[in-house]
2 protein chains.
Amino acid sequence: MPAKRRPAPATAEHAPLQLEHFLPYRLSILSNTISQAIADDYQRRYDISVTEWRVMAVLARFDGLSAREVAERTAMDKVAVSRALARLVEAGRVHRSIHDDDKRRSVLSLTETGWTMHDEVAPMARAREREVLAKLDAEEQAWLERILDKLQLTVR
Amino acid sequence: MPAKRRPAPATAEHAPLQLEHFLPYRLSILSNTISQAIADDYQRRYDISVTEWRVMAVLARFDGLSAREVAERTAMDKVAVSRALARLVEAGRVHRSIHDDDKRRSVLSLTETGWTMHDEVAPMARAREREVLAKLDAEEQAWLERILDKLQLTVR
DNA sequence: ACGTTATAGTTACATGTGAAACCATTTGCA
DNA sequence: TGCAAATGGTTTCACATGTAACTATAACGT
């Protein structure tokens with residue numbers, strides 16, 4: 001018998017939450033596990049964080065964005081973007097200049113170094129994603145796609 | 001034209017990653033959005049963090065666990081658990097005593113205060129989860145269940 | 001019995017993160 | 001025009017989090 005003060009039998013009448021069946025909990029575990037598995041690949045090799053990589057991925061697709069636009073597209077807040085950019089510019093992976101017509105705005109793009117790294121990391125990331133998805137059969141993959149779309153739309 | 005040094009046209013040849021279709025990214029956004037939406041409910045009201053709530057939820061189901069066992073069941077590391085417990089004990093929500101046969105081990109259980117809070121928060125959390133799941137029809141819910149089970153098993 | 005190794009848990013340090021304050025510039029409007 | 005409000009971005013502060021070092025106790029092998 002554990003303690004003197006054991007206020008109640010931990011059972012039915014309290015209807016405790018079963019974490020392992022609780023959606024937010026499961027999503028959080030799964031998301032962290034997968035993100036970590038994928039990030040491990042490049043994190044050590046290039047000394048870059050997930051947030052920095054996301055910024056690079058966005059700049060690879062949309063050249064010349066401002067920091068605020070990067071923030072929108074990465075769903076990061078502007079402070080996080082500012083910090084990521086500071087490191088990326090420092091490391092010579094991103095080039096930052098000032099917008100001609102609005103001197104508050106920065107104009108961002110990958111440098112050649114940045115592109116080189118991007119072109120190595122992107123395929124790795126995709127390969128890892130495929131490994132994860134390979135656990136599911138085609139039908140499950142389709143449903144997952146559909147479910148994520150739906151939740152993403154409604155839950156914001 | 002953005003910058004002088006614009007090394008490459010950001011297009012096909014570089015095959016940039018599309019974050020919005022990239023599984024880990026989507027999971028991470030979704031997970032954070034949902035967790036936050038649910039946690040907001042109780043976080044302010046009870047001044048408790050998600051990690052503390054998870055510890056309480058586990059103790060509600062398994063009375064008398066040690067800290068290590070809590071860590072296992074919450075998928076948190078032992079440092080996080082130690083800190084959460086410090087706060088919970090301080091707040092009078094968890095009772096901690098020492099195991100009779102092993103003085104390293106602690107024996108943990110909810111206090112009456114802890115139970116009272118649990119009995120208020122658990123239904124709230126479940127209700128929020130239902131709201132999220134309500135965005136999906138029955139078939140989608142079933143597939144989600146199945147997909148999460150499968151990924152959870154294999155991706156570790 | 002005794003020293004080595006393992007385990008439970010906490011503490012310390014370094015790092016990441018978000019909110020709010022802040023600076024510079026631009027926009028809106030009298 | 002000129003001045004208040006809004007916007008882009010950085011800095012500061014408080015706090016959360018992870019890793020490694022540490023303390024105390026227990027288990028193991030000789």
Side-chain angles (χ1 to χ4, degrees), chain A residues 2-3 28-29 31-33 35-37 39-40 43-44 47-55 58-59 62 64-91 94-109, chain B residues 2 28-29 31-33 35-37 39-40 43-44 46-55 58-59 62 64-91 94-109:
Chain A
S28 149
I29 303 280
S31 163
N32 289 340
T33 312
S35 280
Q36 210 40 57
D40 278 350
Q43 219 142 36
R44 307 221 167 215
D47 182 32
I48 193 175
S49 68
V50 173
T51 58
E52 288 167 51
W53 167 246
R54 285 186 184 167
V55 169
V58 167
L59 290 179
F62 307 99
L65 290 189
S66 71
R68 191 187 55 75
E69 291 166 326
V70 170
E72 272 173 19
R73 294 203 176 266
T74 51
M76 296 162 55
D77 75 45
K78 62 180 186 168
V79 178
V81 171
S82 170
R83 280 191 273 242
L85 283 172
R87 287 206 63 200
L88 290 170
V89 170
E90 169 67 24
V94 165
H95 175 77
R96 166 160 51 189
S97 53
I98 291 176
H99 194 281
D100 283 342
D101 301 341
D102 184 345
K103 290 167 191 159
R104 293 169 306 180
R105 216 170 273 187
S106 45
V107 177
L108 303 161
S109 50
Chain B
S28 149
I29 302 280
S31 162
N32 290 339
T33 311
S35 280
Q36 210 40 60
D40 278 350
Q43 221 142 33
R44 308 221 165 214
Y46 297 96
D47 182 32
I48 193 176
S49 68
V50 172
T51 59
E52 288 167 50
W53 167 246
R54 285 187 185 165
V55 169
V58 168
L59 290 179
F62 306 100
L65 291 187
S66 71
R68 190 187 57 74
E69 292 167 325
V70 170
E72 273 174 16
R73 295 203 174 264
T74 51
M76 295 161 55
D77 75 44
K78 63 180 185 165
V79 178
V81 170
S82 171
R83 283 192 270 241
L85 282 172
R87 288 206 61 202
L88 290 170
V89 170
E90 169 67 25
V94 166
H95 176 77
R96 165 160 53 190
S97 54
I98 292 175
H99 194 282
D100 284 343
D101 301 342
D102 184 344
K103 289 169 194 163
R104 295 170 304 179
R105 215 169 274 189
S106 46
V107 177
L108 303 161
S109 49

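So you know, we letter chains A, B, ... as the sequences are listed, proteins then strands, and number each from 1.
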_Whether the side chain of A/Arg104 and the base of D/dT7 hold a donor-acceptor pair under 3.5 Å is what I'd like checked._
yes

*Assess whether one donor atom and one acceptor atom, taken from the side chain of B/Arg83 and the base of D/dG18, lie less than 3.5 Å apart.*
yes

*Establish, with yes or no, whether the OP1 or OP2 oxygen of D/dG8 is under 4.0 angstrom from a side-chain nitrogen or oxygen of A/Ser66.*
no

*Are any of B/Ser82's side-chain N or O atoms less than 4.0 Å away from OP1 or OP2 of C/dT10?*
yes

*Would you name the heavy atoms of A/Ala86 and A/Arg96 that are closest together and state the gap between them?*
CA-NH2, 4.3 Å

Rounded to whole Å, how long is the line connecting atom [atom1] of [X] with atom [atom2] of [N]?
X: B/Leu108; N: C/dT10; atom1: CG; atom2: P; value: 9 Å
X: A/Asp100; N: C/dT25; atom1: CG; atom2: C1'; value: 15 Å
X: B/Asn32; N: D/dT17; atom1: CG; atom2: C1'; value: 15 Å
X: A/Gln43; N: C/dT15; atom1: CD; atom2: C1'; value: 13 Å
X: A/Asp102; N: C/dT25; atom1: CG; atom2: P; value: 10 Å
X: A/Arg68; N: C/dT25; atom1: CZ; atom2: C1'; value: 15 Å
X: A/Arg87; N: D/dT10; atom1: CZ; atom2: P; value: 15 Å
X: B/Lys78; N: C/dT10; atom1: NZ; atom2: C1'; value: 9 Å

So how far is it from [X] [atom1] to [Y] [atom2], rounded to the nearest 0.5 Å?
X: B/Ile98; Y: B/Ser66; atom1: CD1; atom2: OG; answer: 13.0 Å
X: B/Leu59; Y: B/Arg73; atom1: CG; atom2: CZ; answer: 10.5 Å
X: A/His99; Y: A/Arg104; atom1: NE2; atom2: CZ; answer: 11.0 Å
X: A/Arg87; Y: A/Glu52; atom1: CZ; atom2: CD; answer: 4.5 Å

*Hey, which sits more toward the 5' end of DNA chain D by its nearest nucleotide, A/Val81 or B/Asp77?*
A/Val81

Using the side-chain heavy atoms of [X], tell me which of these nucleotides is nearest: [options].
X: B/Ala67; options: C/dG9, D/dA26, C/dA19; answer: C/dG9
X: A/Thr51; options: C/dT10, C/dT17, C/dT26; answer: C/dT17
X: B/Lys103; options: D/dT10, C/dG9, D/dA26; answer: D/dA26

*asked:* Heavy atoms only, 4.0 Å cut-off, all strands: where does B/Ser49 land among base, sugar-phosphate and nothing?
replied: nothing

*What nucleic acid atoms does B/Arg96 come within less than 4.0 Å of, heavy atoms only: base, sugar-phosphate, or nothing?*
sugar-phosphate

